[in-house]
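Input: a single structure, listed below in structure tokens.
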Amino acid sequence: MADRELHILPDNAGLLQAAAEFLRDTINDVLSTKSFCTIALSGGSTPKGLYERLASSGFSNNIPWSKLRFFLGDERYVPLDHPDSNYKMIRESLFKDRQPEPGTLFPVDTTLPAHEAAAAYERTLRNVLGNEGVFDIILLGLGDDVHTASLFPNTTVLEEKTAWVSDVYVEKVKARRITFTVPLINAARTIIFLVSGASKSAAVHQVINGQRMPQTFPAQLIRPRNGIIHWFLDQDAASEVK
Ligand code: 6PG
């Protein structure tokens, strides 16, 4: 199996449609051999349009929602109703027209002290995934500084080799985050990077073609051990890919 596949679409609308179709099809492939499908969702603004598309009738009716287990690949350490909360964004997009069934959407408990919130989330992950920690699907975004999830340049969490979830203070955004670690992400079967816009073209180039400098370009650390990375890019984001 190749370890990477590029999907380059002409514009943002085409990108979101292609990513939604791929996600729907991958979910149904997983469910042809498993009773449930585990999906880690990305935060930020890019995936919001994807989540709204998946929630629309064109997709929603072809997705077996009760068989999905949604987690957040990272979360801002704020209350779940805070404007910056990824959970809030996901509830207002992917679940704007439906209540998630009990046991299908797992928020980070940000009422706990940050280190305990990370440990509690890891316990929840182990309860659902088992100790192998293999996600069926992990959706990631990419910052223009080449961060992904909350794995930012020159932060200690980049060195984490065993924990699945860590809390980290990110100087750049002056905020604490709870994030999946590199080992957990790299255990996944299918990783989807969803990246849109010219502002990300240099970051995409650094990950796909650039010299390996993972402390500076953390998304370079994403190398699935037994999986594949699907890059969903619009033309603008892909403009520097060689
Ligand atoms: C977050 C995300 C983060 C995001 C990138 C890209 O919590 O913000 O997980 O890693 O994917 O920062 O964000 P945009 O899609 O908003 O550009």
Side-chain angles (χ1 to χ4, degrees), residues 9 11-13 15-16 19-20 23 39-54 70-94 106-108 110 114 117-118 121 135 137-155 157-158 160 164-182 184-186 188 191-208 214 216-222 229-234 236-239:
L9 286 306
D11 53 29
N12 184 263
L15 172 68
L16 297 180
L23 204 49
I39 308 172
L41 298 172
S42 172
S45 57
T46 304
K48 192 165 185 283
L50 170 64
Y51 301 153
E52 289 166 344
R53 204 167 282 252
L54 289 170
F70 291 105
F71 290 86
L72 283 80
D74 73 316
E75 181 58 286
R76 290 78 182 278
Y77 185 60
V78 295
L80 298 186
D81 60 357
H82 188 282
D84 289 348
S85 166
N86 285 332
Y87 175 78
K88 181 177 189 296
M89 180 273 289
I90 288 163
R91 284 302 303 264
E92 294 171 352
S93 53
L94 189 59
F106 299 88
V108 176
T110 55
Y121 209 46
F135 263 93
I137 301 167
I138 294 186
L139 179 64
L140 295 172
L142 185 69
D144 58 10
D145 62 353
V146 202
H147 83 263
T148 190
S150 285
L151 303 169
F152 283 80
N154 307 309
T155 52
V157 69
L158 301 184
E160 180 56 52
W164 291 3
V165 186
S166 287
D167 67 294
V168 57
Y169 181 75
V170 183
E171 184 59 39
K172 175 176 183 182
V173 294
K174 301 242 180 299
R176 186 161 291 280
R177 299 281 189 97
I178 308 293
T179 186
F180 280 14
T181 61
V182 172
L184 178 61
I185 296 171
N186 282 343
I191 294 173
I192 299 169
F193 270 106
L194 181 73
V195 192
S196 173
S199 69
K200 304 291 180 70
S201 62
V204 171
H205 169 75
Q206 284 300 357
V207 183
I208 292 179
T216 308
F217 306 131
Q220 290 181 344
L221 292 166
I222 306 308
I229 299 180
H230 288 271
W231 285 89
F232 278 82
L233 306 165
D234 60 17
D236 288 343
S239 62

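Ligands are counted one by one from 1 in listed order, and the atoms in each one are counted from 1 as well. Start at 1 with the first residue, then count along the sequence.
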Beyond-backbone contact of Arg76 with Ser85, side-chain heavy atoms, under 4.5 angstrom: no

For Phe106, all residues meeting ring pair (Phe, Tyr, Trp, His ring centres under 6.0 Å), sequence neighbours excluded: Phe71

Tell me which part of Ser150 gets within contact of ligand 1: side chain, backbone, both or neither, using heavy atoms under 4.0 Å. neither

Under the ring pair (Phe, Tyr, Trp, His ring centres under 6.0 Å) test, which residues partner Trp164, sequence neighbours left out? none

Any chance the side chains of Asn12 and Ser196 put a donor and an acceptor closer than 3.5 Å? yes

Just which atoms of ligand 1 are under 4.0 Å from any heavy atom in Gly141? 11 (O)

Identify the two heavy atoms, one from Gly141 and one from Ser42, that lie closest to each other, and give their separation to 0.1 Å. N-OG, 3.3 Å

Could you identify the single nearest non-hydrogen protein atom to atom 15 (O) of ligand 1 and state the distance to 0.1 Å? Thr46 OG1, 2.6 Å

For atom 8 (O) of ligand 1, closest protein heavy-atom neighbour: Arg76 NH2, 2.7 Å

Could you list the atoms of ligand 1 found under 4.0 angstrom from a heavy atom of Ser42? 9 (O), 11 (O)

Write out the residue and atom name of the closest protein heavy atom to atom 10 (O) of ligand 1, then the distance separating them to 0.1 Å. Ala149 O, 2.6 Å

Check whether Asp234 reaches the backbone of Leu9 with its side chain - one donor and one acceptor, N or O, closer than 3.5 Å. no

Using heavy atoms and a threshold below 4.0 Å, how should the contact between Asp74 and ligand 1 be classified: side chain, backbone, both, or neither? side chain

Report the member of Arg177, His147, Lys200, Glu75 with the shortest heavy-atom distance to atom 5 (C) of ligand 1. His147

The protein heavy atom nearest to atom 6 (C) of ligand 1 is Leu142 O, 3.6 Å

Using side-chain heavy atoms (C-beta onward) and a distance below 4.5 Å, is Thr46 in contact with Val195? no

If you scan protein heavy atoms around atom 13 (O) of ligand 1, the nearest is Gly44 CA, 4.1 Å

N/O to N/O below 3.5 Å, does that happen between Ser45 and ligand 1? yes

Select one of side chain, backbone, both or neither to describe which atoms of Asn86 lie under 4.0 Å from any atom of ligand 1, heavy atoms only. side chain

Between Leu140 and ligand 1, does any nitrogen or oxygen pair lie at a separation below 3.5 Å? no

Which heavy atom of Lys174 sits nearest to which heavy atom of Tyr169, and what is that distance? CA-OH, 3.1 Å

Closest approach of Ile222 and Leu140, non-hydrogen atoms and distance? CG2-CD1, 4.2 Å

